[in-house]
Amino acid sequence: MRCGGMDAEDPTCARLHMYGKIRALTDKTQIDQAMVDLGARHPLAPWLATGGAHTGGAYYTIDVDSLFIIDYYGGQSPLSLKDYLAVDPQSFVLREDK
């Protein structure tokens, strides 16, 4: 993901940290959806959608306990799971003027 042409590790580029427990998906419907999602979110690496990437063919999810966002110098800010899930990602898409 881009960061306005800057290095993604620059402290002014926002990062979300998720903390929780990783859980292997076992339900076929969830695994099929994970394959679709990986293919859609990583179009430059279509092989991710065909075998679980570097996970030995398994697909995982995270049961999130807490979230923190780092969006500038000075440390992290807590973010509730409720607030995170309430955000419409499309409202933050940067569009170039033509």
Side-chain angles (χ1 to χ4, degrees):
M1 185 174 245
R2 295 184 196 145
C3 186
M6 299 180 337
D7 186 315
E9 292 297 318
D10 187 285
T12 60
C13 291
R15 290 182 298 285
L16 177 70
H17 295 256
M18 295 182 171
Y19 299 91
K21 298 206 185 297
I22 297 294
R23 177 175 47 85
L25 297 178
T26 56
D27 178 74
K28 181 167 176 14
T29 303
Q30 289 180 331
I31 293 169
D32 291 345
Q33 186 62 52
M35 291 174 74
V36 169
D37 293 343
L38 278 170
R41 292 191 178 266
H42 300 288
L44 298 179
W47 49 269
L48 285 173
T50 60
H54 304 289
T55 63
Y59 289 85
Y60 296 84
T61 189
I62 182 171
D63 295 324
V64 178
D65 292 328
S66 60
L67 300 165
F68 292 91
I69 191 164
I70 298 175
D71 63 350
Y72 206 68
Y73 298 96
Q76 62 190 17
S77 301
L79 178 66
S80 75
L81 186 57
K82 179 181 174 184
D83 288 344
Y84 174 75
L85 294 174
V87 171
D88 173 16
Q90 292 302 313
S91 67
F92 292 98
V93 173
L94 299 176
R95 294 177 178 83
E96 294 182 26
D97 293 328
K98 298 195 182 220

Quick one: side chains of residues 74-85, donor-acceptor pairs under 3.5 Å with protein atoms, not counting sequence neighbours, listed by atom name and distance.
residue, atom, partner, partner atom, Å
Ser80, OG, Asp83, N, 3.0
Ser80, OG, Asp83, OD2, 3.2

Are Gln33 and Thr29 side-chain neighbours, meaning at least one heavy-atom pair lies under 4.5 Å?
no
Side chain to side chain donor-acceptor pair (under 3.5 Å) contacts touching residues 13-23 (sequence neighbours left out):
Arg23-Asp63
Can you measure from OH (Tyr59) to OG1 (Thr26) and round to the nearest 0.5 angstrom?
14.5 Å
Return the OH to CD1 distance between Tyr60 and Ile31, rounded to the nearest 0.5 Å.
10.5 Å
With Asp32, which residues qualify under salt bridge (Lys or Arg N to Asp or Glu O under 4.0 Å), at least two apart?
Lys28
Specify the closest pair of heavy atoms between Gly20 and Asp65, including all atoms of both residues, with the distance to one decimal.
CA-OD2, 3.5 Å
Do Thr61 and Ile22 make a side-chain contact, defined as non-hydrogen atoms from C-beta onward lying under 4.5 Å apart?
no
